[in-house]
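This report refers to the structure that appears directly beneath it.
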Amino acid sequence: MLTVDDLKKFGANTEEGIGRCMGDEGFYMMLVSSFLGDTRLDQLEKALKDNDLDKAFEAAHALKGMASNLSLDPITGPVTEMTEMLRSRTMTDYSVLIKDAKDKMEVLRTMADQ
Amino acid sequence: MTERSQIKEKIRRRVMVVDDEMINRQLLGYIVSRDYDVIYAENGVEALSKVKNEKEMISLILLDLIMPGMDGYEFLSVIQSDPELRRIPVIVLTSEKNAEVKCLRLGAVDFIPKPYDMPDVILARVGRSIELSEGSKIINDTENDIISGLYTRQYFYRYCERHDKYFPGIPMDAVALNINRFHFLNEIYGRSYGDKVLGMIGHEIRRLLKNKSGMACRSDADSFYIYIEHQDDYDGIIDELAGRIWDSAGNDHINLRMGIYSFADTELNIEERFDRAFHACNPIKSIQKAGYKNHLAYYDDSMHEKELFSEKLLSEMDNAIRERQFKVHYQPKYNIKGDRPVLKSAEALIRWQHPEFGFISPGVFIPLFEENGLIHKLDKYVWREAAHQIREWKDSFDITLPVSVNVSRVDLFDPDLGDELLNIAGESDIDPSECFLEITESAYTDNSSQMISTVQSLREKGFHIEMDDFGSGYSSLNMLASMPIDALKLDMVFVQNICEDKKMPAW
């Protein structure tokens, strides 16, 4: 079960995230859980593999929106970088950034499973 | 009190959140749901169908830009091109600075950046946008007359003034337009038909103004005002206007009247200019001739002088009563049944001996006082004078000579009329039966059951009731049976040719 303390340790700005949920901690945690079930990151990875930059941008943009609204800063970082490059449809190697995001996501999922 | 709580106090408005991202949608919806009812859509297509179903209900849309299928840009341009949906304010959710100008051009009212601001900021922006859009909608609704699509009068006047300021050199005409006997049209064909005709007139006036400098409003009921650069040929204009309206209404009983104040003097305020056009428009009723369907009249200075004269008479009435400028004359009435005529009663007739204008005919000032609600005062004056006279004849000659006085239509609406008349009779110590009250036939036809009961109660108080001018209106002989009257006075038209026309039956 994921707790607010876990998220703090992870590096999330929970104060900001909970504030955005009008102080409702339960609602915030619910949204974070549903973020963990999201498959956009996999879609992004696949789109990049397929060289479908439009699709990749859509996925990255969505991830950025979610992560930043939940103030999951460690994930927001790499996702934002990818979004900005994909906005101009820059074809480059995204594997480091993808890995970074996936690793952070994994950390959270592991915490949640404990 | 904050703006937001002011809005909250009224009704709970409905806001739509459009975002394909569940988390963003839920988060924003959660924030907004503190002050509003929220409905959700996951993409542009879903949003559009919901907006169309509930267009009157949705106060604001929060719109994500990047969505699969129909994206935010496309959604914006669709609702902006729909006149009914355009009024709904849209706030765009975006993390991109450079999208803002594009969205503004497409009609967005504000932006909420991603990640979202703190809830209070978002709620304040939503509240503010709703407030602004509702304010401008109220302005828009009151600026335009719904039935005709033209301006409403107050806005029209302000726009005329602005026109004068920007184009001071253009000679302008003030034109008043209305429909002859519009209330008739309403009664015969129904109100919605009447409204339709007003809509057609609005449409045709807009068409007329298309290539000309000018503007128009519906002033009230069937009365339209047009402020237009000077035109030479209003005959052509009114005929074309009427022709088109007859075609679209399928009815050529719609007769237009037009009053024109040409080269309207910009020294006068705009209301006065249209008063003149209106005055020019109205006398047409009385001079309407057979064969002419539409009518127009120009305002001229003689009209203005007549108006001034009327104004003067109206303003001087109180003083004239005080100074006893109104003279009551008594026309004797004889009983001619016997061998020789016997003086039985008299009829009070009023004259105005004006210090400046000399003798003024009652035909001039009575209709004027009737129109302006002053007739009651004058009637009362005459009642009192007549009562004094009856008393004086009693005292001086020891005779009782009843006097007929006029009771105007408006007097009958006064609930205290009976007591007032009894008081006046009491002051001079005369009996109500010595007061003959003349009530014109037309007073009965307007609202006959109420009139009849009022007259009935006067009669029960002992007054003698005479119906005046019988035959000038529409009352029928069998109506007479139900009338509480003591005497019938035939209208002049019945008898004026009695000796000339041999075909008339002998009476």
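Labels below follow one simple rule: chain letters A, B, ... track the order of the sequence lines, proteins then strands, and each chain is numbered from 1. What you see is a predicted model; the values in this text were computed from it and never measured.
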Original post:
Quick one: salt bridge (charged side-chain N to carboxylate O under 4.0 Å, His left out) partners of B/Lys212, sequence neighbours excluded?
Top reply: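 For B/Lys212, no residue satisfies salt bridge (charged side-chain N to carboxylate O under 4.0 Å, His left out) once neighbours in sequence are set aside.
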
Original post:
In Å and rounded to the nearest 0.5 Å, what is the NE2 to NZ distance from A/His61 to B/Lys114?
Top reply: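 One gets 5.0 Å once the value is rounded to the nearest 0.5 Å.
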
Subject >> Rounded distance [0.5 Å steps], CG in B/Leu27 versus CE in A/Met66 >> reply: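 Those atoms lie 12.0 Å apart.
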
Original post:
Where is the tightest heavy-atom contact between A/Phe27 and B/Gln26, given as atom of each residue plus distance?
Top reply: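 Closest pair (atom of A/Phe27, atom of B/Gln26, distance): CZ-O, 3.6 Å.
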
Report, by ascending residue number, the residues of [range] in heavy-atom contact with chain B at a distance under 4.5 Å; give 'none' if the set is empty.
range: residues 28-43 of chain A; result: A/Leu31, A/Ser34, A/Phe35, A/Asp38, A/Arg40
range: residues 11-21 of chain A; result: A/Glu16, A/Gly19, A/Arg20, A/Cys21
range: residues 77-103 of chain A; result: A/Arg87

Subject >> Contact class of B/Asp117 relative to chain A, heavy atoms under 4.5 angstrom >> reply: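 Answer is backbone: N, CA, C or O of B/Asp117 sit under 4.5 Å from chain A.
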
**OP:** Identify which of B/Ile31, B/Asp64, B/Val121 forms the greatest number of heavy-atom pairs closer than 4.5 Å to chain A.
**Re:**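 Max contact count across the listed options: B/Ile31.
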
Original post:
Do side-chain atoms of A/Asn69 reach the backbone of B/Ile23 as a donor and acceptor pair under 3.5 angstrom?
Top reply: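 No; judged by distance alone, with no hydrogens or angles, the pair does not exist.
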
Within 6.0 angstrom of [X] [atom1], more than 12 heavy atoms from elsewhere:
X: B/Glu84; atom1: CD; answer: no
X: B/Lys50; atom1: NZ; answer: yes
X: B/Arg105; atom1: CZ; answer: no

